[in-house]
Amino acid sequence: MKRSYMPPLVAGLALATLAASSSVSAQTVLRASHQFPGGQGDVRDEMVQLMAEKVADADVGLEVEVYPGQSLFKAREQWSALTRGRLDITALPLDYASGRHPEFSATLMPGLVRNHEHAQRLNDSEFMGMIKDVIQEGGARVLADAWLAGGFASSDRCITSPDTVDGQNFRAAGPAFEQMLEAAGASITSMPSSDIYTAMQTGVLDAANTSSMSFVSYRIYEQVECLTEPGEHALWFMYEPILISEQSWQELDESQQQALTEAGQAAEEFFAEKAAGLDQQMVDVFEENGVEVVSMSEEDYNAWLEVAKQSAYQNFAENVPDGQALIDAALAVD
């Protein structure tokens, strides 16, 4: 039989192509989904993108593909997709999953987190240990911690004391804030932060609270007349970690798990450096767009806290497993 001749250079290229093909086929790809705008300066998107870059740099046969802006899963679908193994990684406002795990509402409880420094101390506390146990039991684990401050915005009137929300149709991020606002006389419409703009544009909402970053990323300044910044008396702090499916985690080898852990730590440190500046960025953007910016006084804050304790806190303590223990653990962190 006549053999075809392959020149050495061609043969070498063929072997290199085969080797590259084998390397690509051996690559494990994880899909990361989140609801926030991609490539537009949202720090939560930047956290996930940074983590993907760090994983690629580790060269352990692992790649993270990032799908921002609800392009893979809608905001409220991500926890279910993650814990059922349909999604590998997400950056998620954890309270969005409180319908399945009511304990998560403790991570958006009015006045439970006082400032960014307090949030950092909470990350290593018994409180967060309890929350992370529930996360793991639910089928996920935390790769990076992140807490965002937030405020209130309205197209009707400035929100300071509890009586200023009376009669306004309000979006609150989770059950605890909904209960507090309702007790103060607001009407509640539930939705993810990505829907606030359209709801305000069409008159479904008069007011909303969300994170400083979301107020900017979703251009809420185009729809409101007044913003209540977090300031020295921030009622609103929300835990928005990067999570990985436990099922996906267990399918990785040790070097890949280590690369993800280190990438998550880098993302967390990146976020911590940015967090406090997000509040001032929000104030600057809203003022530049002609929105009035106000702050709550200590008297306003304390009045809200009384409303919260008689509504959200009481309901959480009475109806959520370990509810009072979670509140006590958070309050124990100075």
Side-chain angles (χ1 to χ4, degrees), residues 34-36 42-45 47-48 75-76 78-79 90-123 125 127-128 131-132 134-135 142 144-153 159 170-181 188 190-196 207-218 220 227-231 233-243 267-268 271-272 274-279 281-282 296 301 304-305 308 312-313 316 320 326-327 330 333:
H34 65 73
Q35 74 188 68
F36 311 109
D42 190 298
V43 70
R44 294 159 295 191
D45 173 61
M47 278 181 75
V48 181
R76 301 282 189 184
Q78 291 179 128
W79 173 262
T90 187
L92 180 74
L94 191 64
D95 194 67
Y96 283 11
S98 61
R100 293 179 181 271
H101 302 280
E103 298 94 332
F104 292 164
S105 283
T107 64
L108 184 58
M109 185 66 67
L112 207 60
V113 182
R114 294 188 297 277
N115 51 50
H116 291 283
E117 292 77 17
H118 187 214
Q120 289 299 307
R121 293 194 296 275
L122 275 175
N123 285 338
S125 69
F127 168 74
M128 281 310 299
I131 291 295
K132 289 179 180 180
V134 179
I135 291 172
V142 175
D145 294 313
W147 290 89
L148 284 88
F152 301 76
I159 296 165
F170 226 105
R171 180 268 180 181
F177 265 86
E178 289 177 354
Q179 291 156 16
M180 180 190 74
L181 288 165
I188 302 299
S190 299
M191 64 185 70
S193 56
S194 49
D195 293 344
I196 292 174
N209 60 8
T210 190
S211 71
S212 298
M213 190 75 261
S214 289
F215 270 129
V216 174
S217 292
Y218 295 124
I220 309 302
L227 169 75
T228 308
E229 64 164 330
H233 306 291
L235 270 177
W236 199 103
F237 263 86
M238 189 175 201
Y239 183 57
E240 301 189 21
I242 299 177
L243 305 171
E268 182 177 320
F271 175 83
K274 298 276 189 179
L278 300 178
D279 302 337
Q281 177 187 347
M282 173 184 66
M296 284 188 188
Y301 175 87
W304 273 115
L305 210 53
Y313 280 57
F316 190 81
V320 175
L326 279 162
I327 290 173
V333 179

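Just so it is clear, the values below take in all heavy atoms, side chains as well, and ignore hydrogens, waters and symmetry mates.
Among residues two or more places apart in sequence or in another chain, the side-chain hydrogen bond (donor to acceptor under 3.5 Å, both in side chains) test is passed with Gln281 by none.
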Next on the checklist: For a side-chain contact (heavy atoms from CB on, under 4.5 Å) check, start with the C-alpha distance between Leu326 and Ile131, then their side-chain angles and the critical distance, and finish with the verdict.
Outcome noted: CA-CA 8 Å; Leu326 279 162; Ile131 291 295; 3.9 Å; yes
Next on the checklist: The test is side-chain contact (heavy atoms from CB on, under 4.5 Å); show your working for Leu94 and Leu108 and say whether it passes.
Outcome noted: CA-CA 9 Å; Leu94 191 64; Leu108 184 58; over 6 Å; no
Next on the checklist: Please evaluate residues Leu278 and Val43 with respect to the criterion side-chain contact (heavy atoms from CB on, under 4.5 Å), reporting the C-alpha separation (whole Å), side-chain torsions for both, the decisive distance (0.1 Å), and the verdict.
Outcome noted: CA-CA 9 Å; Leu278 300 178; Val43 70; 3.6 Å; yes
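Within the 3.5 Å criterion, the main-chain N or O of Ile159 finds a donor-acceptor partner in the side chain of Thr228. Remark: side-chain polar atoms of Arg76 are paired, donor with acceptor, to backbone N or O of Met191 under 3.5 angstrom. For Tyr313 (side chain) and Leu305 (main-chain N/O), no donor-acceptor pair under 3.5 Å exists by modelled atom type. In this structure, the side chain of Arg171 does not engage the main chain of Ile196 through any donor-acceptor pair within 3.5 Å. Checked by atom type and distance alone, the side chain of Glu268 pairs as donor or acceptor with a backbone atom of Asp145 at under 3.5 Å. A donor-acceptor distance shorter than 3.5 angstrom exists from the side chain of Gln78 to the backbone of His34, with no hydrogens or angles considered.
Counting only heavy atoms from C-beta outward, the side chains of Val142 and Tyr239 approach each other to under 4.5 Å. Side-chain contact check for Glu240 versus Leu92: every heavy-atom pair is 4.5 Å or farther apart. With a 4.5 Å cut-off on side-chain heavy atoms, Phe316 and Gln179 do not count as touching. Between Val113 and Trp236 there is no side-chain heavy-atom pair separated by less than 4.5 Å. With contacts defined as side-chain heavy-atom distances shorter than 4.5 Å, the pair Leu112/Leu122 does not qualify. The shortest distance between side-chain heavy atoms of Ser211 and Ser193 does not fall below 4.5 Å. Considering only heavy atoms from C-beta on, Met282 comes within 4.5 Å of Pro230 through its side chain.
Classified by interplanar angle (parallel below 30°, tilted 30° to 60°, perpendicular above 60°), the ring pair Phe170/Phe152 is perpendicular. In this structure, Tyr218 and Phe36 have tilted ring planes: the angle between them lies in the 30° to 60° band.
Screening residues 97-110 for side chain to side chain donor-acceptor pair (under 3.5 Å), with sequence neighbours left out, gives Asp95-Ser105.
Side-chain polar atoms of Ser217 and Ser214 form no donor-acceptor pair below 3.5 angstrom. Checked by atom type, the side-chain pair Asp279/His116 shows a donor-acceptor distance below 3.5 Å.
Between Phe127 and Ala330 the shortest heavy-atom distance is CD1-CB, 3.7 Å. The shortest non-hydrogen separation linking Ile135 to Trp79 is O-CH2, 4.0 Å. Minimum interatomic distance between Ala153 and Phe215 (heavy atoms only, all atoms of both residues): CB-CE2, 3.5 Å. Across all their heavy atoms, Met109 and Ala312 have their closest contact at SD-CB, 4.1 Å. Between Leu148 and Met213, the shortest heavy-atom distance links the atoms CD2-CB, 3.6 Å.
Checked against the 6.0 Å centroid criterion, the rings of Phe237 and Trp147 do not qualify as a close aromatic pair. Between Phe177 and Trp304, the ring center distance fails the sub-6.0 Å criterion.
One finds the CE atom of Met296 at 10.0 Å from the OH atom of Tyr301 (value rounded to the nearest 0.5 Å). Atom CZ of Arg44 is separated from atom OG1 of Thr90 by 11.5 Å, given to the nearest 0.5 angstrom. How far CZ of Arg121 is from CG of Asn123: 11.0 Å, rounded to the nearest 0.5 Å.
More than 12 non-hydrogen atoms from other residues, nucleotides or ligands lie less than 6.0 angstrom from NZ of Lys132.
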